[in-house]
Amino acid sequence: MAVQTNSASLQAEIDKLDGVALINIDIVNWAGQVSLSASDLQLGEGGRLPPEKAAQLGNKKICDPHKLNVFKAVKERMRRHVLDHGISVMNGYAVPIDRLPKIIPVLDDLVQKYHVAKHEFLASYDQAIADWIDENPDFAEEIRRDVKPVSEVAGRLRAAYQVIKLAPVAGAEDALKGTATGMSHELIKNVREEAGKFYKKFCKDGANSVDARTRSTWDALKLKVSGLTFLDSKFDRLDQMLDEMLALYTNGRVEGQGFLTLKHNALLLSMDDESYLYLEGADTANADAVQTDLPVVTTPSSEAAFADEPDDGDPLDALEANNPTATPDVEVPAATDSATETLDDDLDSLFGDLASMLDDQPADADAPAPSQEAVVENADASTPSVSSPAMPAPALATDKMMDWGAW
């Protein structure tokens, strides 16, 4: 009986993989540098070190590295576009098969941009080397010594991608065991990281509202999660939550009751145990704890957070301006580093804020507690009403142990 159960479980997992395509981004970029050799260093009396911009950490740059940034930009944009729809797995990217009609045209366009940039770079290669030597006259001979022929450089610049379907080989089905479960874990990890970054940037330090630009985080997660709900029925609950969070942006800016709900949900999704408990369907606290009245604060708004972000431009901009294509590129959220700070203290802070709000309310022991509908109805006129109820607050502690292997 146990053997049959395990067999059925494995088959169910393999069936989920029928909806997954694996994309491998196959890009090889020339680094424009070689290893620094002993002959490149002049030691002893009259010796000198190579210029910093031409030699670092044991490598010697024989070409201006800025001229190669366009190739790195194409690779990164391809990676980000695929990750908008899927997750990292098996040294590639797992995406829903039904999203391929949206994914492939953009990848094709980016590969074409890479080839155009490669052609332009190779055509000006000799001049680029000459310019680099002129910029580093004290290191000119060392650079000339290792200049590569243009044919060799051409072979080190390649862009392509492959799309394959995951399927077991007869007799080796067990090799795919846990693959779908691993994808589910990776999706939850993505959600936690993005929610944590959102909370850290826009919901701390007494902030009381966010503007419409912050919606991009939840739009990106909605796009990703909605395509992968077939991995586990639990993701239907997450998909619904994201719909409710996006609905808070109906009027653009989110404030009042809507902001408290957004802040609460971002914190819940950013926390390990609480996010799993929520997806399991657990209501971990009283939803009526979220009130509409906010304390008056004088802290930077989300506009200030956006204003702090430098705009360094995109190396592909000039290429696209000079070589327009029929296939439009899509706008993708910028890749950022994962949040590394823990949010345990933030939970206490959030509920401390809520407690202080409750303390400001007039005490009336005989008065019944207002319903959720009444709270929204009596909110300040400037606060947009929210059709979806606030999500349950995460518990401060739980005795329930999650069975991570069940995912």
Side-chain angles (χ1 to χ4, degrees), residues 16-25 74-89 92-110 161 163 166 180 182-199 201-202 210-250 252 254 261-262 265-266 268-270 275 278-279 302 306 314 327-339 388 391:
K16 292 177 182 178
L17 299 181
D18 287 340
V20 176
L22 189 66
I23 296 179
N24 174 49
I25 295 177
V74 170
K75 181 177 183 177
E76 177 60 16
R77 193 178 290 190
M78 290 178 71
R79 188 188 72 84
R80 282 163 44 194
H81 174 62
V82 175
L83 281 176
D84 275 351
H85 299 271
I87 51 180
S88 301
V89 65
Y93 305 93
V95 301
I97 283 181
D98 58 9
R99 292 282 179 86
L100 290 179
K102 294 182 178 180
I103 297 172
I104 288 179
V106 176
L107 295 182
D108 286 340
D109 184 54
L110 289 170
Y161 68 92
V163 182
L166 292 175
M183 292 180 186
S184 296
H185 279 294
E186 183 66 19
L187 180 56
I188 287 295
K189 177 184 174 184
N190 287 176
V191 171
R192 281 204 308 266
E193 289 175 350
E194 293 304 312
K197 285 184 287 186
F198 182 95
Y199 183 87
K201 188 169 186 177
F202 300 115
V210 291
D211 69 24
R213 288 174 292 178
T214 63
R215 175 185 174 128
S216 61
T217 293
W218 311 114
D219 278 328
L221 286 178
K222 169 65 180 179
L223 181 65
K224 186 194 298 278
V225 171
S226 63
L228 296 171
T229 54
F230 64 87
L231 289 175
D232 197 300
S233 59
K234 300 179 184 68
F235 292 136
D236 290 333
R237 186 169 167 87
L238 174 59
D239 191 48
Q240 179 183 0
M241 175 192 265
L242 292 171
D243 278 334
E244 293 168 349
M245 294 170 74
L246 289 170
L248 299 173
Y249 287 89
T250 300
V254 182
T261 301
L262 189 69
N265 290 355
L268 183 149
L269 292 177
S270 69
S275 59
Y278 175 77
L279 293 179
S302 57
F306 276 105
D314 192 320
T327 305
D329 198 2
V330 296
E331 181 179 354
V332 294
T336 52
D337 295 332
S338 300
S388 57
M391 304 311 302

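Please read these numbers as outputs of a predicted model, since none were measured by experiment.
Looking at residues two or more places apart in sequence or on another chain, you find no salt bridge (Lys or Arg N to Asp or Glu O under 4.0 Å) involving Lys224. Listed by chain and number, the residues in a side-chain hydrogen bond (donor to acceptor under 3.5 Å, both in side chains) with Arg215 are Asp219 (sequence neighbours excluded). For Thr217, there are no side-chain hydrogen bond (donor to acceptor under 3.5 Å, both in side chains) partners two or more places apart in sequence or in a different chain. Residues that satisfy the side-chain contact (heavy atoms from CB on, under 4.5 Å) test with Ser88, not counting sequence neighbours, are Leu83, Tyr93, Glu186. Not counting sequence neighbours, Asp236 has no partner by the salt bridge (Lys or Arg N to Asp or Glu O under 4.0 Å) test. Here Asp98 pairs with nothing under the salt bridge (Lys or Arg N to Asp or Glu O under 4.0 Å) rule; sequence neighbours left out.
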Practice problem: Give the intermediate values and the outcome of side-chain contact (heavy atoms from CB on, under 4.5 Å) for residues Phe202 and Leu262. | Solution: CA-CA 10 Å; Phe202 300 115; Leu262 189 69; over 6 Å; no
Practice problem: Could you please spell out the steps behind the side-chain contact (heavy atoms from CB on, under 4.5 Å) verdict for Met245 and Leu269? | Solution: CA-CA 12 Å; Met245 294 170 74; Leu269 292 177; 4.3 Å; yes
Self-check item: Steps toward side chain to side chain donor-acceptor pair (under 3.5 Å) verdict (Arg99, Ser226)
Solution: CA-CA 11 Å; Arg99 292 282 179 86; Ser226 63; 3.0 Å; yes
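Distance check, rounded to the nearest 0.5 Å: NE2 of His81 to CD1 of Ile104 gives 9.5 Å. For the atom pair CG of Asp243 and CD of Gln240, the computed distance is 7.5 Å after rounding to the nearest 0.5 Å. The NZ atom of Lys234 sits 12.5 Å away from the CG atom of Leu187 when rounded to the nearest 0.5 Å. Phe230 CZ to Lys16 NZ: the interatomic distance, rounded to the nearest 0.5 Å, is 9.5 Å.
Screening Val191, Asp239, Leu246 for a side chain to side chain contact (heavy atoms under 4.5 Å, CB included) involving Leu221 leaves a single residue, Val191.
At least one donor-acceptor pair under 3.5 Å links the side chain of Ser184 to the backbone N or O of Ala180. Judged by distance alone, the side chain of Arg237 and the main-chain N or O of Tyr278 form a donor-acceptor pair under 3.5 Å.
At a threshold of 4.5 Å between non-hydrogen side-chain atoms, the residues Lys197 and Lys201 do not count as touching. In this structure, the side chains of Ile97 and Val20 stay at 4.5 Å or more apart for every pair of heavy atoms. Side-chain contact between Leu279 and Asp232 is absent, with no heavy-atom pair separated by less than 4.5 Å. With contacts defined as side-chain heavy-atom distances shorter than 4.5 Å, the pair Arg80/Asp84 does not qualify. The closest side-chain heavy-atom distance from Asp108 to Tyr161 is below 4.5 Å. Leu17 is listed as a side-chain neighbour of Met183, based on a closest heavy-atom distance under 4.5 Å. Looking at heavy atoms from C-beta onward, Val95 lies out of side-chain contact with Val163 at the 4.5 angstrom threshold.
Close placement of the Trp218 and Phe198 rings is indicated, their centers lying within 6.0 Å of each other.
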